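Have a look at the structure below before the remarks.
Predicted, not measured: the structure shown is a model, and the values here were computed from it.
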Amino acid sequence: MTGKEVPRVFKYALKDLQAENDKLDDHRLLARKVRDALFKAGMVAGYAREYKAHPSLQTINSLVALHEVMPEELRDTKTLRRTDIPIEFYEKTGGALFRSIYGETTESVQGLLDTIYPDMGNSPRVAGGVSFTFRQDGSQIRLVMIQWHLDGARRRGATIEEARTVRTMSMEVAALSGIQWRDGVPGVKDFIENKQ
């Protein structure tokens with residue numbers, strides 16, 4: 001998605017939400033979620049602003065385009081994140097979230113992240129459990145990661161239907177983006193043991 005499509009998607013979602021209700025807090029929450037999704041995408045894909053950069057790297061352009069169509073009452077003027085909390089707090093809460101997502105595989109996943117790049121191992125704890133996925137050769141690694149995330153969604157309370165819907169949508173987006181699967185994509189398990 002390029003900067004041109006972001007405002008279109010946002011306006012469509014906002015119009016749909018406005019048809020449901022007129023609660024400004026709900027509209028503001030939508031705006032914040034879209035901005036935050038772009039911000040987090042930039043962490044993974046980069047924040048390149050150059051016009052000739054690959055569309056997936058135009059996070060700044062997308063945020064500018066979104067801002068230009070953002071109603072004044074839905075704009076934020078200050079950071080929503082606490083800047084006075086010590087890093088140890090994020091390590092503690094992020095670690096707990098990470099364990100709740102990865103369950104019985106926590107130690108092996110953490111070990112993998114620590115081994116491949118120590119900063120990568122620390123980022124889920126510091127970022128509150130947000131994990132970053134690097135593109136790697138070898139479909140086995142990707143398939144294991146997909147299974148971890150599907151299982152994690154179930155451990156965190158997603159219904160089997162919700163997890164299957166997200167899996168299907170992700171596969172459709174991947175196909176439209178030209179991604180081809182070498183092997184089958186893991187399915188959603190009926191039962192997930194919730195070890196923390």
Open item on the list: Quick check on the hydrophobic clustering: are Leu24 and Met70 connected, directly or via other members, by side-chain heavy-atom contacts under 4.5 Å?
Closed with: yes

In residues 165-174, what donor-acceptor pairs under 3.5 Å come from side-chain atoms, sequence neighbours left out?
from: Thr165; atom 1: OG1; to: Glu161; atom 2: O; distance (Å): 2.8
from: Arg167; atom 1: NE; to: Pro186; atom 2: O; distance (Å): 2.6
from: Arg167; atom 1: NH2; to: Val185; atom 2: O; distance (Å): 2.9
from: Thr168; atom 1: OG1; to: Arg164; atom 2: O; distance (Å): 2.9
from: Ser170; atom 1: OG; to: Val166; atom 2: O; distance (Å): 2.8

- [ ] Output the distance between atom CD (Glu72) and atom CG (Leu74), rounded to the nearest 0.5 Å.
- [x] 9.5 Å

Open item on the list: So Gln110 and Tyr102, do their side chains get closer than 4.5 Å, heavy atoms only?
Closed with: no

TODO: Side-chain contact test, heavy atoms from C-beta onward, threshold under 4.5 Å: evaluate it for Val64 versus Glu68 and give yes or no.
DONE: yes

Task: Spatial distance of atom CG (Asn61) from atom CG (Leu38) [nearest 0.5 Å] - done: 11.0 Å

Open item on the list: Using only atom types and a distance under 3.5 Å, with no angle test, would you say the side chain of Thr105 pairs donor to acceptor with the backbone of Ser108?
Closed with: no

Open item on the list: Could you check whether atom CD of Glu73 has more than 12 heavy atoms from other residues, nucleotides or ligands sitting under 6.0 Å from it?
Closed with: yes

Task: side chain to side chain contact (heavy atoms under 4.5 Å, CB included) assessment of Leu14 paired with Val34 - done: CA-CA 11 Å; Leu14 182 60; Val34 172; over 6 Å; no

TODO: Mind checking side-chain contact (heavy atoms from CB on, under 4.5 Å) for Leu17 and listing every partner two or more places apart, or none if nothing turns up?
DONE: Glu20, Asn21, Asp26, His27, Leu30

- [ ] Identify whether the distance between the nearest side-chain nitrogen and carboxylate oxygen of Asp25 and Arg28 falls below 4.0 Å.
- [x] yes

- [ ] Say whether Arg155 and Ser100, considering side chains only, have a donor N or O and an acceptor N or O under 3.5 Å apart.
- [x] no

Task: Interatomic distance, Asp76 atom CG to Arg32 atom CZ [nearest 0.5 angstrom] - done: 4.0 Å

- [ ] Return the minimal non-hydrogen interatomic distance between Phe10 and Pro71, and the atom names on each side.
- [x] CE2-CD, 4.2 Å

Task: Side chain proximity check, Leu113 to Phe98, heavy atoms < 4.5 angstrom - done: yes

Task: Nearest non-hydrogen partners of Val69 and Pro7, listed with the distance - done: CG2-CB, 3.6 Å

Task: Nearest-0.5 Å distance that lies between atom CG in Leu63 and atom NE2 in His67 - done: 10.5 Å

- [ ] Could you pull out the closest heavy-atom pair between Arg154 and Ile160, with the gap in Å?
- [x] NH1-N, 3.3 Å

